[in-house]
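Let me begin by presenting the structure, written as structure tokens, before commenting on it.
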Amino acid sequence: MSDALKHECGIALIRLLKPLEYYKEKYGSAFYGVNKMYLMMEKQHNRGQDGAGFASIKLDTKPGERYISRVRSIAQQPIQDIFAQINERINDDLNNNPQYQDNVDLQKKHIPYIGEVLLGHVRYGTYGKNSVESVHPFLRQNNWMHRNLIVAGNFNMTNVNELFDNLIEIGQHPKEKADTVTVMEKIGHFLDDAVAKIYKDLKKEGYNKNECSPLIAERLKVGKILRRAAKNWDGGYAMAGLLGHGDSFVLRDPSGIRPAYYYKDDEVVVVASERPVIQTVFNVPFEAVKELEPGHAIITKKSGVTQIKKILEPLERKACSFERIYFSRGSDAEIYQERKKLGRLLMPKVLKAIDNDTKNSVFTYIPNTAETSFFGMIEAVEDHLNEQKIKSILDGNGKLSAETVTDILSERPRIEKIAIKDVKLRTFITEDSSRDDLVAHVYDITYGVIKPTDNLVIIDDSIVRGTTLKKSIIKMMDRLNPKKIVVVSSAPQIRFIDCYGIDMANLETLIAFKAALALLKETNQYHIVKDVYDKCIEQVNRKDKEIVNYVKEIYDNFTDEEISDKIAELLIEEDTKAEVKVIFQSVKNLHEACPDNLGDWYFTGDYPTPGGNRVVNRAFINFFEGNKRRAY
């Protein structure tokens, strides 16, 4: 509950389809694209606050004129920082050169960042380091305009070692073994190859060198380049790229793990990680924003022609369910209803936990992202109360007094704001060593609304490590002296690590895994741990497609409720006075609430790509051997 759970990143791409003069005349500024990109990145700041980057390309520049601009930041507020830098540079140029003010041609020629193709990125530093060199977009430079490549993505590859070795096999010397570098160099290799072949063909056709350049741009087949580059990628990704001459693309993984949405009209082509971002920034309706299909790319040529092309054969759709539960903005029309349903579906378990005693129960939520699920839960409580009211009135056979009927009808759920987050304190909690000491002070609590006879029901999006629950929230809630504390998670138990873009790399940090180990010890079955380790070791040299997720066996001998009860035990201190109960969503209900996002490997261990099984087995080997390294 409220643990530091980080998501890889968010992307935003804008391609202006009209000359910059058009936007100056219609919207009052040739910097229309830059302004829209600022809004799109701000509207996705929930997806990454460790770093932000922006890149732009100007179309049809003359030799010697700058046509690529890029700025990146790891400042405390990186989005504001990069656009402050952009605005300062633009304003300085305009103030120092009054002749630029109303001349779009001069602005485009002399002022950086203004351009027709723009790419933005926000990120979390999931590997414990956050240097500006790690911030997207990445740039691969070349004197040939067509060979310049800018890449940014929301992704994680499970087979970085294989991709790295592939680059070596084709004669490259990558500067580091990171998935962003390997992905960019793989695309770059096939881009170079395609440009060279087209140039050779054009020379045979009799064109001179100057004539070749625009023809290369026309003939370059971005879809073919992506098809060759992505052939061996194993992971979840929404990969965006710009080519120096002006082509752009966004490619989504075949399982649809990472999200991508697009919108196109006669003025712009827009792609983002979240639908409501496009709706809000461009003021377009829900149905105008389309989801990019898994395995497909949206490609816009320099000419402005835009196509959706199948790059890789789509696999079974396993779109990340955490997007719906937690990460994506809840303002998306579909996500809002899904989160409400997640809360509603939990209500039978909650009623059982409080013995149907809604009169002596107070309902609340932590943190703010759980508010929508809370609404759904409260609607279910109200439905339950309405059924009780109807029954009580009908049982009266018309003989109830007006006062009694009024009393029956007046009962409603008791809703209180119990915990208030101190946002300023949150920013100081940056490392595990200081987190435990500071986390207890992140929340303030509301006194005077809980009675000793009350149950206190708290709902959150998910419970990952349980650190904040144990160190802070349960202790605080216990000080209010409730009879019982019921902690409710709108997500199922997180039993397995993620390797596709969410920062969960070590099994031993997961509270569900700790609970399963404790149960194995208590039931004299701990030998299963060694058995699983041996099976994982036996598979180390197998091909990914042959690997089985044997870590599932750690959980096989226990019911969901047994593990939930053990989690509750692990989360309370000896001096906790209230009874504590922990309730999790079922996987079945998760699928019912989010029917189009069935990526549930965190909860089930059913990974959508072969690399997932290898990574989770490696995580278990690391745990067993006491190795604190990440599994990917």
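Because the structure is predicted, anything quoted here is derived from the model rather than measured.
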Has the side chain of [X] got a donor or acceptor atom that lies under 3.5 Å from a matching backbone atom of [Y]?
X    : Y    : answer
N622 : R629 : yes
E573 : K475 : no
T609 : D234 : no
S462 : A491 : no
Q49  : Q77  : no
K470 : L570 : yes
D253 : R258 : yes
T509 : N506 : yes

Looking at [X], I'd like to know if its [atom1] atom is crowded, meaning that more than 12 non-hydrogen atoms belonging to other residues, nucleotides or ligands lie closer than 6.0 Å.
X    : atom1 : answer
N283 : CG    : no
K417 : NZ    : yes
E316 : CD    : no

In plain terms, say whether [X] and [Y] are close enough for a salt bridge, that is, a side-chain N and a carboxylate O under 4.0 Å apart.
X    : Y    : value
K581 : E561 : yes
R412 : E382 : no
K43  : E274 : no
D606 : K318 : no
E291 : R252 : yes
K484 : D357 : no
E371 : R339 : no
K514 : E508 : no
D50  : R123 : no

When you compare the side chain of [Y] with that of [X], does any pair of heavy atoms fall below 4.5 Å?
X    : Y    : result
D460 : S489 : no
T364 : I415 : no
I308 : L292 : yes
V270 : Y262 : no

Using the rule given for salt bridge (Lys or Arg N to Asp or Glu O under 4.0 Å), can you reason through E313 versus K310, listing the C-alpha separation, both sets of side-chain angles and the distance that settles it, and then say yes or no? CA-CA 7 Å; E313 197 62 40; K310 184 170 77 172; 3.2 Å; yes
Audit row: R47, S273, side-chain contact (heavy atoms from CB on, under 4.5 Å) steps and yes/no: CA-CA 9 Å; R47 304 185 71 85; S273 294; 3.6 Å; yes
Check the angle between the aromatic planes of F620 and F513 and answer parallel, tilted or perpendicular using the 30° and 60° thresholds.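 F620 and F513: perpendicular rings.
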Would you call the rings of F327 and F322 parallel, tilted or perpendicular, where under 30° means parallel and over 60° means perpendicular?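 Tilted, since the angle between the ring planes falls between 30° and 60°.
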Within 45 degrees of the axis of the six-membered ring of F282 and under 6.0 Å from its centre: does K36 put its NZ or CZ there?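 Yes; both conditions hold, so K36 lies above the ring face of F282.
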Just do the side chain to side chain donor-acceptor pair (under 3.5 Å) check on D478 and T576 with the steps written out, would you? CA-CA 7 Å; D478 195 49; T576 303; 4.8 Å; no
Applying salt bridge (charged side-chain N to carboxylate O under 4.0 Å, His left out), which residue pairs with at least one partner in residues 583-598 are found, sequence neighbours left out?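 Sorted pair list: K341-E592.
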Can you check side-chain contact (heavy atoms from CB on, under 4.5 Å) on F249 and I298, steps first, answer last? CA-CA 6 Å; F249 66 84; I298 179 169; over 6 Å; no
Taking ring pair (Phe, Tyr, Trp, His ring centres under 6.0 Å) as the definition, give me every residue that meets it alongside F624, ordered by chain and number, with sequence neighbours left out.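 With neighbours one apart ignored, the set is Y533.
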Nearest atoms (heavy-atom pairs only) where L119 meets V151: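 For L119 versus V151, the nearest heavy atoms are CD2-C, 4.4 Å.
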Taking all non-hydrogen atoms of both residues, which atom of A272 and which atom of M40 are closest, and how far apart?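 Closest approach of A272 to M40, heavy atoms only: CB-CE, 3.7 Å.
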Would you check, one step at a time, whether the test side-chain contact (heavy atoms from CB on, under 4.5 Å) holds for R275 with K290? CA-CA 8 Å; R275 178 178 11 225; K290 308 297 183 185; over 6 Å; no
Can you name the one residue among D454, N360, T358 that meets side chain to side chain donor-acceptor pair (under 3.5 Å) with R414?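 Result: among D454, N360, T358, D454 is the only option passing the side chain to side chain donor-acceptor pair (under 3.5 Å) with R414.
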From I325 CD1 over to T369 OG1, what is the distance, rounded to the nearest 0.5 angstrom?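 OG1 of T369 is found 11.5 Å from CD1 of I325.
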Check: [X] ring centroid to [Y] ring centroid under 6.0 Å:
X    : Y    : answer
F603 : F496 : no
W601 : Y500 : yes
Y365 : F374 : yes

Apply salt bridge (Lys or Arg N to Asp or Glu O under 4.0 Å) to residues E579 and K483 and explain how you reach the verdict. CA-CA 7 Å; E579 179 187 350; K483 177 180 67 175; over 6 Å; no
As a quick check of understanding, evaluate side chain to side chain donor-acceptor pair (under 3.5 Å) for Q493 and S564, giving each step before the final call. CA-CA 8 Å; Q493 297 167 4; S564 296; 2.8 Å; yes
